[in-house]
Amino acid sequence: MEKIAVLDSGGQYCHLIARKVRELGVYAEILPLETTTKRLSRYKGVIISGGPASVFLKGSPRPKPSLFQLDRPLLGICYGHQLMAQYLEGEVEKGRDNEYGQADVRIRHELPLFAELPLRQRVWMSHGDHVAKLPPGFETLGDTRQCSVAAMGDLKRKYFGLQFHPEVVHTAYGSEILRNFLFRVCRCRMDWHPEDSVLKIFETIRRTVKDRWVLFFLSGGVDSTVAYALTVKALGTERVHGVYVDTGFMRLDETREIQEAFDHLGYGRLEVVAARGQFLSRLRNVVDPEKKRRIIGRLFVDVQEQVLEQEEFAGSDWILGQGTIYPDRIESGASTNSAVIKTHHNRVDSITKLIKEGRILEPLADFYKDEVRTLGRVLGLPQQLIWRHPFPGPGLAIRCLCTKEDEKVLTDSAIDGMAKNAGYRGFLLPIRSVGVQGDSRSYANLTVLHGGPLDFRSLLPLATEITNRHRQTNRVVLALEPKRWRPGEWSVHKATLTRKRIALLQEADSIVTEFLRNQGFYRRVWQCPVVLVPLSRNGGETIALRPVTSVDGMTAETAQLPAGKINGLSRELKALSGVEAVLYDLSHKPPSTIEWE
Ligand code: XMP
């Protein structure tokens, strides 16, 4: 199969480039910026991604200088474009003004990158520095009012640079430009279709497993189900043993539903390991989300070891199967220049050790969720399984917020001032959640807005303004119930992970899922985590709703569900015994992650 390498300069758009290339029918792999030219010469072409750094910064990500002698087509994007100019003896100038957002580019030389495209096109820029002088052998292919070298190329060597981002939807002909690079410049064949990748995956599974047996951990979610189905089809039911760990943090009735679905599919026996007690006792007093994640990951491995100690497995050579997909790896810091946002349960130390020993099978490790769903369809899995919302391995444990001590809410005049200008009021909660800002992890306070309607036109810009201007907060929610708050009356109370709290969360979560299905919103949203927050007036709890739309979970937008229906749902949730308030999360990803922890 022909492949394109996407070199990662640390930007959040790197994965998007790889994805776009794959959508165009060519397999793309993300590699560290420092990858050797020897390795790169196995690829048909190389794309150097943008990134947050400046070429003038000491310590900014650097490629091997020999990259710019590679006998393969190169496309530098944004920071990659500037690196190309700098290494090939052009000139990059520090920006006086930053250029963010839409710009109109005038094409001065169409072939081959802009072939059959309009001579004026809308593009998306996000840069401070710019190329001031072309490297020898290059010519300007396009310019904008603010940027004299918006596109450049050395047609002989097939090296190209774009100051704008062709991979984002706001660049009108972005896909077409990438298509021209792939097919007119690199001369790739269109031979990547997730549909027919099934056979290639079978080969990889057989090659990885050899004559061993696979112990496959299932969560019931689409990723592990598809990965398991692929493994069973590649090796047969005899050599694959499915294990489902009941951690106690699953959704209401989930264990039973999954058992029934697997019985129905005829994929062999699914062993359910009851581990509720173990999980709960180890997590009871843990507040920190990363610690929770690490403990859960380790417990999964302990359970795996316990399963392997069973008599029937004694003496056989086993390998562990998991449904890890590409975003799970990247957010756990898989790429050299990417930060750890969250340690996914299948990337804890003991698993990394098994990976090094060649004892892990991850058939979907290079795929995105929508590609996984396509594979599920090709395999003939039931719609209901394929379209299940993603559910994280650590389950409701990371949706049940815990705190060490009682604390009063914090009034903050700057936040309240911003909120007042938009017709709301606002305060900060002494409770933190995880976010992703400037490509790094943040763990910051929550802002609560109240006193106004669920009107997204005013709320979404306000939420963005608050998180942009106020570093202390990375997530903004609107109070649906009650509408008006006296902040002084509310406080965050000491809370741990208990059966009672999880049961309440399961009940609320099940009401929300039913609401989404009944109202026809289930397919409209990517996911809707329901979060339990120990915030109250009288010692009860608060429920937060986090509906988002997304294509792959890497970025997400707040889902704008109709206010009338949401108000009805929040009244129903408020009526649950022990629930005192209901919140609606208004933050996109970035700056907030989808899950709160
Ligand atoms: P975040 O919260 O990082 O979530 O924006 C992105 C997507 O990943 C899911 N997620 C996980 N999935 N194990 C999983 O299998 C995990 O530890 C994990 N953490 C987050 C999350 O539900 C969302 O779909």
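When reading the values below, keep in mind they use all heavy atoms of this one structure, side chains included, and skip hydrogens, waters and symmetry mates. Note that ligands are numbered from 1 as they come in the structure, with each ligand's atoms numbered from 1 the same way.
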Does CD belonging to Gln384 count more than 12 external heavy atoms closer than 6.0 Å? no
Report yes or no: do His165 and Ser126 form a side-chain donor-acceptor pair below 3.5 Å? no
Heavy-atom contacts with Trp526 under 4.0 Å: which atoms of ligand 1 show up? List them by number with element. 24 (O)
OH-CD distance between Tyr584 and Gln560, expressed to the nearest 0.5 angstrom: 7.5 Å
If we only count N/O pairs under 3.5 Å, is Glu595 in contact with ligand 1? yes
Close-contact set for ligand 1 against Lys589 heavy atoms, below 4.0 Å: 1 (P), 3 (O), 5 (O), 6 (C)
Apply the test side-chain hydrogen bond (donor to acceptor under 3.5 Å, both in side chains) to residues Gln506 and Glu254: give CA-CA distance (whole Å), side-chain angles for both, the deciding distance (0.1 Å), then the verdict. CA-CA 10 Å; Gln506 278 174 329; Glu254 190 153 35; over 6 Å; no
May I ask you to list the atoms of ligand 1 that are less than 4.0 angstrom from any heavy atom of Pro390? 24 (O)
Per-atom contacts, ligand 1 versus Gly553 - under 4.0 Å to a heavy atom: 6 (C)
Looking only at distance, does Pro394 have an N or O less than 3.5 Å from an N or O of ligand 1? no
Give, for atom CD1 of Ile415 and atom NE2 of His470, the distance between the pair rounded to the nearest 0.5 Å. 4.0 Å
Proximal candidate to atom 24 (O) of ligand 1 [heavy atom criterion; set Gln527, Gln322, Arg293, Arg441]: Gln527
Trace of the ring pair (Phe, Tyr, Trp, His ring centres under 6.0 Å) decision for Tyr244 with Phe262: CA-CA 11 Å; Tyr244 170 87; Phe262 273 79; 8.5 Å; no
